[in-house]
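Throughout, protein chains are lettered first and strands after them, A, B, ... in sequence-line order, and every chain is numbered starting at 1.
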Amino acid sequence: MSIGEFFAMGGYARYVWPSYALVAAAIILNIVWARRALQRARTEARRRVAMKDSAT
Amino acid sequence: MAWVWFHRLGSPPYIYGLAARLTPWFAWPAALLIIGGLYGGLVASSPDYQQGEGYRIMYVHAPSAWMSLMVYTTMAISAAVGLIWRIKVAHAVAASCAALGASFTFAALATGSLWGAPMWGTYWEWDPRLTFELILLFQFLGYMALRSAIDDVQRADRVSAVLAVVGVVNVPIIHYSVEWWNSLHQTASVMKLAKPTMPLEMLIPLLMMFLGFTLLFVALLLVRLRAEVLTRERSAAWIRDVVNA
């Protein structure tokens with residue numbers, strides 16, 4: 001099988017590749033979202049701890 | 001004595017640390033399984049005798065659909081645990097599921113649509129399985145909307161948990177829809193008690209994708225759970241140790 005044939009997917013390229021792209025996007029976005037949520041929560045927690053320290 | 005582990009699991013600082021330690025043990029196997037499954041599904045397996053290369057959408061469609069049901073079930077069970085035993089961490093798990101579930105339900109619907117177009121001759125049909133899966137997407141979105149509409153976290157937990165628990169009836173409906181109704185959608189090829197109706201060279205990459213998606217879900221859930229616990233426990237003393245570590 002040549003590279004060209006592989007990407008042509010037997011004529012189904014316009015259905016197969018968008019499907020894979022969509023699911024890849026879902027996976028990548030979920031990884032990014034999860035990490036960003038944790039990062040944000042940590043920054044916020046750090047800020048609150050620092051605020052408490054400066055108050056006392 | 002046997003309840004000690006259960007009580008520990010209810011303790012936010014313990015859960016926070018445990019989730020952090022466990023994440024790589026799920027994330028790396030998930031990555032390997034998905035990469036292996038992609039190779040098996042796209043390259044190593046032969047074309048289907050009826051659908052040619054078009055059937056390869058299955059390797060991303062079926063695991064996404066499986067993920068949508070798995071995430072909802074997890075969300076509903078933890079919501080129920082939160083309601084019954086008033087465990088805050090359980091509510092945090094439920095809340096961490098919603099966005100994940102919504103995105104994979106959308107992916108299942110969209111890839112199904114892209115698969116339906118060449119094989120059924122239509123992108124959409126008000127077929128039972130498709131319709132109930134669409135309802136599942138609205139359930140996730142409704143759950144998220146409901147949570148964001150209530151400011152008080154504990155009230156949001158309780159109200160949204162009731163919604164999640166009630167909505168779980170849709171999970172068996174989606175699963176059995178292809179048997180209960182005369183559906184355009186094919187019946188199960190893997191998730192059934194009898195022998196799967198699929199050659200091994202197709203079944204193995206598909207199972208790798210199923211397992212990979214399951215582990216990916218756990219890894220993502222663990223990261224989201226830490227964020228959720230950290231936000232909820234903002235005033236607790238243990239936060240200081242975590243932040244400074």
Quick one: what part of [X] sits under 4.5 Å from any heavy atom of chain A, side chain, backbone, both or neither?
{"X": "B:Leu216", "answer": "side chain"}
{"X": "B:Glu233", "answer": "neither"}
{"X": "B:Met119", "answer": "side chain"}
{"X": "B:Ser235", "answer": "both"}
{"X": "B:Phe217", "answer": "neither"}
{"X": "B:Leu42", "answer": "both"}

How about [atom1] on [X], more than 12 heavy atoms from neighbouring residues, nucleotides or ligands closer than 6.0 Å, or not?
{"X": "B:Trp124", "atom1": "CH2", "value": "yes"}
{"X": "A:Phe6", "atom1": "CZ", "value": "yes"}
{"X": "B:Trp238", "atom1": "CH2", "value": "yes"}
{"X": "B:Glu201", "atom1": "CD", "value": "yes"}

Between A:Ile27 and chain B, with a heavy-atom cut-off of 4.5 Å, which part of the residue counts as in contact: side chain, backbone, both or neither?
both
Part of A:Arg14 within contact of chain B (heavy atom distance under 4.5 Å)
both
If you take all heavy atoms of [X] and [Y], which pair is closest and at what distance?
{"X": "B:Ala107", "Y": "A:Ala26", "value": "CB-CB, 4.4 Å"}
{"X": "A:Ala34", "Y": "B:Arg224", "value": "CB-CG, 3.9 Å"}
{"X": "A:Ser19", "Y": "B:Thr111", "value": "O-CG2, 3.7 Å"}

Can you measure from [atom1] ([X]) to [atom2] ([Y]) and round to the nearest 0.5 angstrom?
{"X": "B:Leu230", "Y": "A:Arg48", "atom1": "CG", "atom2": "CZ", "answer": "11.0 Å"}
{"X": "A:Asn30", "Y": "B:Phe104", "atom1": "CG", "atom2": "CZ", "answer": "5.0 Å"}
{"X": "B:Glu53", "Y": "A:Tyr15", "atom1": "CD", "atom2": "OH", "answer": "15.5 Å"}
{"X": "B:Leu222", "Y": "A:Leu38", "atom1": "CG", "atom2": "CG", "answer": "11.0 Å"}
{"X": "B:Arg240", "Y": "A:Arg46", "atom1": "CZ", "atom2": "CZ", "answer": "13.5 Å"}

Evaluate the side-chain proximity of [Y] to [X]: yes if any heavy-atom separation is below 4.5 Å, no if none is.
{"X": "A:Tyr20", "Y": "B:Arg56", "value": "yes"}
{"X": "A:Leu22", "Y": "B:Leu114", "value": "yes"}
{"X": "B:Tyr55", "Y": "A:Tyr12", "value": "no"}
{"X": "B:Leu220", "Y": "A:Trp33", "value": "no"}

With respect to chain A, which residue among [options] yields the maximal number of heavy-atom pairs within a distance under 4.5 Å?
{"options": "B:Ala219, B:Ser103, B:Pro63", "answer": "B:Ser103"}
{"options": "B:Gly52, B:Ala227, B:Ala108", "answer": "B:Ala227"}
{"options": "B:Ile239, B:Leu100, B:Thr231", "answer": "B:Leu100"}

Would B:Phe213 and A:Val23 count as a side-chain contact (heavy atoms from CB on, under 4.5 Å) here? Give the steps.
CA-CA 11 Å; B:Phe213 272 53; A:Val23 173; 3.7 Å; yes
